[in-house]
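One structure below.
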Amino acid sequence: MKTATTPLDLRDPRTLDEALAILAEDGPRTPIAGCTDVFVNLHFGTTPARRFLNLWALDELRGITADGALRIGALTTYTELIRSDAVNEWLPALVAASREVGGAQIQNRGTLAGNIANGSPAGDSLPVLAAAEAIVVLRSASGERRVPLTELYTGYRATVIRADELIVAVEVPRVEGRQWFRKVGTRAAQAISKVVMAGVRGPAPRIAFGSVAATVVRAPATERVLADGGSIDDAHTVLSAEIRPIDDVRSTAEYRLRVAGNLLRQWWAETS
Ligand SMILES: Cc1cc2nc3c(=O)[nH]c(=O)nc-3n(C[C@H](O)[C@H](O)[C@H](O)COP(=O)(O)OP(=O)(O)OC[C@H]3O[C@@H](n4cnc5c(N)ncnc54)[C@H](O)[C@@H]3O)c2cc1C
């Protein structure tokens, strides 16, 4: 059943300091950015949240810089990622992933931090950020901490982000090697992935998958086979034991395992 919106409590800060003070003194509140995930949950009545914090006016959370590392503000939308020269140069796999998110409306409104904090194992940006060894920058009224994306998730849609913290940015070190991204879904647009993979073909090959576990995952044993000069057949065998996809409404475990293996091989062939 739809959540009635009139009794909902919304605070509308104008600065990041104000937002963090509200979370510290008048929390807990659910942050909203583009609201593309939150609104779906309100529409279907699947969120218990009644108190919200609107981040949209916080220009300090916007902007992309590339100086030593690529730094992407939390409120950066997919459209901004696609149009950014810096992201196209430093992290083209994130541009590829952004092009596959929803349709134009979602790309105009949905944000990178929203995708990260929402924590869906099917989130399209997450395998790219995991393979690129991205750092999530969290800030509260009492300070800042930096958490590798691969350590952010503790389980299905569960993160280490505290109730008084916001994601303020994502930082990505220079990626050594060729980047690659593929999403396999029911159709090209407006489809949640059945399996999504990002890879970096460099001196230390790195691969990450979405939709094959409760969280986005790297595949370190498979990476090690390839780093040690093993064949793609050996890597495929190791991957089959390393990931444990599940059956759900979107696909079966068997199909996902097969697709993940196919993607691994496709990545290796296309980046050789
Ligand atoms: C029609 C449709 C199609 C979609 N297609 C795709 C798709 O193809 N691929 C995909 O990955 N996703 C898809 N999504 C999901 C969604 O659009 C993305 O996850 C998007 O990036 C969410 O960003 P947002 O700014 O709208 O987040 P919001 O809805 O505002 O927030 C999402 C979550 O993040 C939290 N949050 C937001 N910003 C911050 C912050 N700075 N700090 C801490 N917490 C924060 C919120 O509290 C909430 O829990 C789709 C959604 C819809 C409605």
Side-chain angles (χ1 to χ4, degrees), residues 8 10-11 13 16 19-20 22-23 27-44 46-63 72-82 94 96-130 136-140 144-145 147 149 152-153 156-170 181-196 198 210-211 215-216 250:
L8 300 183
L10 178 73
R11 296 283 301 265
L16 178 57
L20 296 175
I22 291 171
L23 286 180
R29 286 180 173 268
T30 300
I32 52 176
C35 211
T36 60
D37 277 313
V38 170
F39 196 77
V40 170
N41 292 328
L42 287 171
H43 183 75
F44 288 109
T46 49
T47 175
R50 295 293 178 269
R51 306 177 81 230
F52 297 90
L53 182 72
N54 182 11
L55 307 181
W56 200 250
L58 306 184
D59 286 340
E60 296 140 283
L61 302 187
R62 295 204 155 80
I72 303 171
L75 282 180
T76 304
T77 64
Y78 297 104
T79 300
E80 288 164 342
L81 291 169
I82 292 165
L94 187 58
S98 301
R99 289 187 196 284
E100 305 244 356
V101 172
Q105 300 92 331
I106 297 296
Q107 291 171 10
N108 284 341
R109 186 78 195 180
T111 65
L112 187 61
N115 204 231
I116 295 169
N118 187 49
S120 162
D124 284 326
S125 74
L126 306 183
V128 175
L129 298 176
V136 179
V137 185
L138 301 173
R139 199 179 298 171
S140 70
E144 192 168 280
R145 63 186 179 123
V147 180
L149 181 101
L152 193 79
Y153 301 107
Y156 179 70
R157 290 182 178 241
T159 73
V160 299
I161 305 172
R162 297 194 314 256
D164 66 340
E165 285 179 318
L166 292 173
I167 299 175
V168 292
V170 177
F181 172 85
R182 281 294 180 288
K183 170 177 176 173
V184 177
T186 312
R187 53 184 188 269
Q190 302 284 19
I192 297 173
S193 72
K194 291 174 187 286
V195 180
V196 55
S211 293
T215 67
V216 62
R250 280 197 293 280

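Remember, it's 1-based here, ligands and their atoms both numbered in the order they're listed. Values below: every heavy atom of this structure, side chains too, minus hydrogens, waters and symmetry copies.
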Looking at ligand 1, is there an atom of it that comes within less than 4.0 Å of some heavy atom belonging to [X]?
X: Leu55; answer: yes
X: Gln105; answer: no
X: Ile192; answer: no
X: Phe39; answer: no

Quiz item: Are side-chain N/O atoms of Arg11 and Asn54 paired as donor and acceptor at under 3.5 Å?
Solution: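 Arg11 vs Asn54: no donor-acceptor pair found between side chains.
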
I need the atoms of ligand 1 closer than 4.0 Å to a non-hydrogen atom of [X], numbered in the order shown.
X: Gly123; value: 11 (O)
X: Val40; value: 53 (C)
X: Ile106; value: 1 (C), 2 (C), 3 (C), 17 (O), 52 (C), 53 (C)
X: Thr111; value: 20 (C), 21 (O), 23 (O), 24 (P), 25 (O)
X: Ala33; value: 25 (O), 30 (O), 37 (C), 38 (N)
X: Ile32; value: 30 (O)
X: Gly34; value: 24 (P), 25 (O), 26 (O), 30 (O)
X: Glu100; value: 8 (O)

Quiz item: Listed by chain and number, what are the side chain to side chain donor-acceptor pair (under 3.5 Å) partners of Glu144, not counting sequence neighbours?
Solution: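 In terms of side chain to side chain donor-acceptor pair (under 3.5 Å), with neighbours along the sequence ignored, Glu144 is linked to Arg139.
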
Quiz item: Does Phe52 reach the side chain of Val38, with side-chain heavy atoms less than 4.5 Å apart?
Solution: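 In short, these two side chains touch, coming nearer than 4.5 Å.
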
Self-check item: Any side-chain heavy-atom pair of Leu53 and Ile32 under 4.5 Å
Solution: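 No. Closest side-chain heavy atoms not under 4.5 Å.
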
